[in-house]
Amino acid sequence: MAHAILEAEAQRRGLSVEVCSASTWNFDGTMAAIEARLVCEKHNTPMSKLLTTPLQKLDLSDATRVLVMERAHIAEVLAQTGALPERVSLLGAFDSEQGDEEIEDPIGKELEAYEACYSRMRDCITHYLDTTLDFE
């Protein structure tokens, strides 16, 4: 969902951004959860990426910013992708409303959990794009 939200918001703002996403779990080629697809569809957020990619398949050494949902993901990203430590951030750190910088993965939960996650990620992504210098 974060991939779809960031792509849609960047496009809406006319930003030239290459978005990639990956799973820290090895679900290579697995379809995005139906709940995620339904929530994105409800919010008119196209999901251009429907199949998962394992994190180890990405080379993020040239990435401007790598956004992760949980603190544990930071070490995995650094160990598996070549991303620079100063370019890896918790997506939740860009949410001015919440105190917790981690965003809980809704996988395996009810549709309401996906709705809440979508809303939180959308808020974080829009705030990130509003405040970042990464695209200037």
Side-chain angles (χ1 to χ4, degrees):
M1 290 188 300
H3 183 118
I5 296 166
L6 182 53
E7 269 188 340
E9 188 60 22
Q11 182 178 13
R12 187 184 74 74
R13 294 171 185 233
L15 299 172
S16 177
V17 176
E18 180 182 343
V19 179
C20 61
S21 60
S23 172
T24 56
W25 297 349
N26 192 11
F27 290 146
D28 193 9
T30 303
M31 181 72 77
I34 184 66
E35 296 87 351
R37 298 189 323 253
L38 289 170
V39 169
C40 283
E41 184 177 307
K42 175 184 172 185
H43 293 282
N44 296 313
T45 307
M47 289 187 87
S48 67
K49 183 174 188 277
L50 293 172
L51 301 178
T52 60
T53 302
L55 184 60
Q56 63 268 23
K57 286 191 174 182
L58 295 181
D59 175 6
L60 300 176
S61 58
D62 290 332
T64 302
R65 179 71 45 206
V66 179
L67 300 168
V68 300
M69 293 176 61
E70 299 174 13
R71 281 180 183 82
H73 297 161
I74 295 171
E76 293 180 59
V77 164
L78 294 175
Q80 297 182 44
T81 68
L84 299 174
E86 63 273 13
R87 295 184 179 175
V88 180
S89 303
L90 284 165
L91 178 57
F94 296 98
D95 183 355
S96 58
E97 300 294 318
Q98 298 281 331
D100 189 1
E101 293 182 341
E102 292 191 310
I103 299 175
E104 186 177 350
D105 192 333
I107 196 156
K109 297 186 178 167
E110 299 295 322
L111 189 61
E112 293 77 24
Y114 283 83
E115 280 284 354
C117 186
Y118 178 96
S119 178
R120 176 104 193 273
M121 288 190 299
R122 186 194 61 231
D123 291 346
C124 294
I125 288 167
T126 56
H127 190 255
Y128 166 72
L129 292 173
D130 287 345
T131 60
T132 187
L133 301 175
D134 288 344
F135 303 108
E136 294 181 358

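Side-chain atoms are counted along with the backbone in the values below, which use heavy atoms only and exclude waters and symmetry mates. Everything quoted here is computed from the prediction, not taken from an experiment.
Following chains of ILVMFWY side-chain contacts shorter than 4.5 Å, one cannot reach M121 starting from V66, and the two form parts of different hydrophobic clusters. Linking Ile, Leu, Val, Met, Phe, Trp and Tyr residues whenever their side-chain heavy atoms come within less than 4.5 Å leaves L58 and V17 in two separate clusters.
In this structure, the separation between OG on S21 and CE on M1 is 12.0 Å, given to the nearest 0.5 Å. Distance check: R12 CZ to L129 CG gives 9.0 Å after rounding to the nearest 0.5 Å.
Between Y118 and H43, the two ring planes are parallel [angle under 30°; tilted spans 30° to 60°].
Using a 4.5 Å cut-off on side-chain heavy atoms (C-beta onward), Q80 and P54 make no contact. Inter-residue side-chain proximity for S89 and F94 is flagged as met; some heavy-atom pair is nearer than 4.5 Å. Between D95 and H127 there is no side-chain heavy-atom pair separated by less than 4.5 Å.
A donor-acceptor contact shorter than 3.5 Å links the side chain of E102 to the backbone of R71. At least one donor-acceptor pair closer than 3.5 Å links the side chain of K49 to the backbone N or O of L51. For H73 (side chain) and E70 (main-chain N/O), a donor-acceptor pair under 3.5 Å exists by modelled atom type. For R37 (side chain) and A32 (main-chain N/O), a donor-acceptor pair under 3.5 Å exists by modelled atom type.
Under a cut-off of 6.0 angstrom, the local environment of CD in E86 is crowded, with over 12 non-hydrogen atoms contributed by other residues, nucleotides or ligands. Atom CD of Q56 has more than 12 heavy atoms from other residues, nucleotides or ligands within 6.0 Å.
Side-chain polar atoms of T132 and R65 form no donor-acceptor pair below 3.5 angstrom. Counting only N and O atoms by type, the side chains of T126 and E9 include no donor and acceptor under 3.5 Å apart.
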